[in-house]
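All values derive from a computational prediction rather than experimental measurement.
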Amino acid sequence: MKKVLALVLAAIFVASNVSFAQEFSFKNFKLYGEGSIYGFTYENSGVAGVNMGGTSGYITLGAMFDVYENITASFALGYQNLWGDDAAMAFSGRPINSSNTDDGYLNKITVVEANLNFNKLFDVEGLSAKVGRQYYGDEDSSMMYFGIRRDQPLFMVNGAMGIGLLGALSSLDAFAGYYAKENMKINAVYGIMQNGGINGNATIIGADLKYAKIADMIDVQAYGYDVENWIGTRNYTILGLKPTVNVGTLKASVEFAKNFGGDYTFSNDNFNTNFIKADASFKIEDIGLTPRAAYVVAGGENKPFITFGNYLPGLIVGQTLLAAGWMDNQIINIGADYVKNKFLFSLDFFNYGSRDGGDFEDAVKYGSELDLIVKYNYTQNVDFRVGIGHLFGNKDSGMDFDASTLQAGVTYKFK
């Protein structure tokens, strides 16, 4: 981190001295940030059936300004923590209240952004590059997202492998290039994970291509990422393709992803399975209702599919049992969103099962979950949210009990 910060500060110093010679000023200076605080309770949650409750929160505060023509600097600090009772969370690796000291609070303040953004690179319209600590990816991506994970109280803490390792705030120390023109967008990145991975200094390299409006109704996304020196394997690779069809207010997509892991790129030693996610939604604008459905299969009998994305299906299973990656999972989701004035009501039914059976069968037949989430848009930048969920455990498997959760919180932002 120190090397990255030194590089960014040196670049800002050099650029600013050049700018001062040409009437430099902090043009377009602005502060930005956001925060969230959640209270939650879980009853019989997790494979072990743990009862727990607590409060989670994060906050970011940053500044952005123009250093020179087409060069923008950003710097932001972040803080995340989780407080609660003495119940240990097996999936997080530590008790909720293990950092309730002043020293613990201060140690959790981290740099989440420290970068220079070069626009119109080489005088090419639409070409840009960002150097330094930064967010990367799309928040709705199932595979690749480093940034702020909202509305997920149990991910305010760094914990298990997979998604939970990233926490509510995650960044890359990276060089990222972007190109956007008409209907095409290309992102490419080479960086180091801020949270390091189990082996430390895990590096990631890859690219994402999006092409929209093929035949006026089809969007296509293709991506490939390779992670080195991470969770006990030298290489972990994900390749994926996602076509999307838009016909009026009907939207449907299918995402196909394949993973590899071992001593070499495309090795099949430690990982060799796939992730398939089909989505469909139809917006009925006259009444503000959007019915939707999804079907997911991921992982295999003895090999997991671990992602860096932001897809967590369900307030209970998604946040507690899928934290360590996908292990032989099959998920059916039927739901609907309803908008009324400043309110958003989301009702979801999930059925969780085993994709292939085998060694993981007892661990993954979770049962069925019913969730209701209500959001209230208090102002343009402040939202209140309440969520309630109940899991009807599969009595024929290892989860021979029901589980439930209640969550309530507020999120704000300014920019």
| Between Q380, E34, R150, which is the residue that forms a side chain to side chain contact (heavy atoms under 4.5 Å, CB included) with K413? | E34
| said: With heavy-atom distances below 4.5 Å as the criterion, would you say the side chains of L312 and V317 are in contact? | reply: no
| query | Just how far is it from atom OG1 of T60 to atom OH of Y79, taken to the nearest 0.5 Å? | reply | 14.0 Å
| Nearest atoms (heavy-atom pairs only) where S253 meets T244 | CB-OG1, 3.3 Å
| message | Applying the side chain to side chain contact (heavy atoms under 4.5 Å, CB included) criterion to I148, which one of T411, N310, L169, V112 satisfies it? | response | L169
| said: We want to know whether Y68 and N70 form a side-chain donor-acceptor pair, criterion being a heavy-atom distance below 3.5 angstrom. | reply: no
| query | Can you check side-chain contact (heavy atoms from CB on, under 4.5 Å) on S74 and Y32, steps first, answer last? | reply | CA-CA 10 Å; S74 298; Y32 66 94; 3.8 Å; yes
| With ring centroids as reference points, do Y136 and F146 lie under 6.0 angstrom apart? | no
| said: Just so I know, are the side chains of L61 and F75 near enough to count as touching, which here means a heavy-atom distance under 4.5 Å? | reply: no
| Does N117 reach the side chain of I71, with side-chain heavy atoms less than 4.5 Å apart? | no
| task | Kindly give the heavy-atom pair with the smallest separation between S170 and Y135, and that separation in Å. | result | O-CD2, 3.5 Å
| task | Kindly indicate whether the side chain of V386, heavy atoms from C-beta on, has any atom under 4.5 Å from the side chain of I373. | result | no
| query | Is it the case that N351 and S368 place a side-chain donor and acceptor less than 3.5 Å from each other? | reply | yes
| Side chains of Y211 and Q221: donor-acceptor distance under 3.5 Å anywhere? | no
| request: Scan L172, D226, I192 and name whichever one has a side chain to side chain contact (heavy atoms under 4.5 Å, CB included) with T203. | output: I192
| task | Apply the test side-chain contact (heavy atoms from CB on, under 4.5 Å) to residues Y38 and R385: give CA-CA distance (whole Å), side-chain angles for both, the deciding distance (0.1 Å), then the verdict. | result | CA-CA 9 Å; Y38 268 87; R385 178 181 180 270; 2.8 Å; yes
| said: Checking the side chain of T307 only, and the main-chain atoms of M143 only, is there a donor and an acceptor separated by less than 3.5 Å? | reply: no
| query | Which heavy-atom pair separates P313 from F350 by the least distance, and what is that distance? | reply | CB-CE2, 3.7 Å
| Just how far is it from atom CG of L372 to atom CG of L347, taken to the nearest 0.5 Å? | 6.0 Å
| query | Picking from I388, D371, I316, what satisfies side chain to side chain contact (heavy atoms under 4.5 Å, CB included) with T405? | reply | I316
| Just wondering, do L116 and F118 contact through their side chains at under 4.5 Å, heavy atoms? | yes
| request: State the CG-NE2 distance between L406 and H390, to the nearest 0.5 angstrom. | output: 13.5 Å
| remark: Value for CZ (F40) from CD (Q152), rounded to nearest 0.5 Å, stands at 13.0 Å
| Verdict with supporting geometry, F305 and F275, ring-ring contact (aromatic ring centres under 6.0 Å, His included) | CA-CA 7 Å; F305 197 110; F275 177 99; 5.8 Å; yes
| Rounded distance [0.5 Å steps], CD in E125 versus CZ in F122 | 15.0 Å
| query | If you take all heavy atoms of V220 and I218, which pair is closest and at what distance? | reply | CG2-CG2, 4.1 Å
| Residues, nucleotides or ligands: over 12 heavy atoms within 6.0 Å of Y376 OH | yes
| said: Between D219 and K213 (side chain of the first, backbone of the second, donor and acceptor by atom type, cut-off under 3.5 Å), is there such a pair? | reply: yes
| field | Over all atoms of both residues, closest heavy-atom pair of A129 and L121 | value | CB-CD2, 3.9 Å
| remark: Minimal heavy-atom distance between A174 and G191, with the atoms involved, is CB-CA, 3.6 Å
| task | Show the numbers, then the answer: is there a side-chain contact (heavy atoms from CB on, under 4.5 Å) between S346 and R292? | result | CA-CA 11 Å; S346 296; R292 46 186 169 73; 4.1 Å; yes
| task | Report yes or no: does N333 contribute a side-chain atom to a donor-acceptor pair with the main-chain N or O of F349 at less than 3.5 Å? | result | yes
| So with a 6.0 Å cut-off around CZ of F414, is the heavy-atom count from everything else above 12? | yes
| said: Determine whether a donor-acceptor pair (N or O, by modelled atom type, separation under 3.5 Å) exists between the side chain of E369 and the backbone of L315. | reply: yes
| field | Heavy-atom side-chain contact between M184 and L209 under 4.5 Å | value | yes
| Any donor-acceptor N/O pair, N115 side chain to R133 backbone, under 3.5 Å | yes
| query | Are K375 and D151 ion-paired here, with the side-chain N under 4.0 Å from a carboxylate O? | reply | yes
| task | Step by step, work out the side-chain contact (heavy atoms from CB on, under 4.5 Å) result for Y311 and K277. | result | CA-CA 10 Å; Y311 175 60; K277 181 173 181 279; 3.5 Å; yes
| Does a side-chain heavy-atom distance below 4.5 Å link D208 with Y225? | yes
| query | Among N187, L241, I238, whose side chain to side chain contact (heavy atoms under 4.5 Å, CB included) with Y223 holds? | reply | I238
| said: Atom NZ of residue position K258 - does it have more than 12 heavy atoms of other residues, nucleotides or ligands inside 6.0 Å? | reply: yes
| remark: When rounded to the nearest 0.5 Å, the distance separating OG of S36 from CD of Q80 is 11.5 Å
| query | Is Y236 reaching over with its side chain to a backbone N or O of N259, donor-acceptor style, under 3.5 angstrom? | reply | no
| message | Do L239 and F260 make a side-chain contact, defined as non-hydrogen atoms from C-beta onward lying under 4.5 Å apart? | response | yes
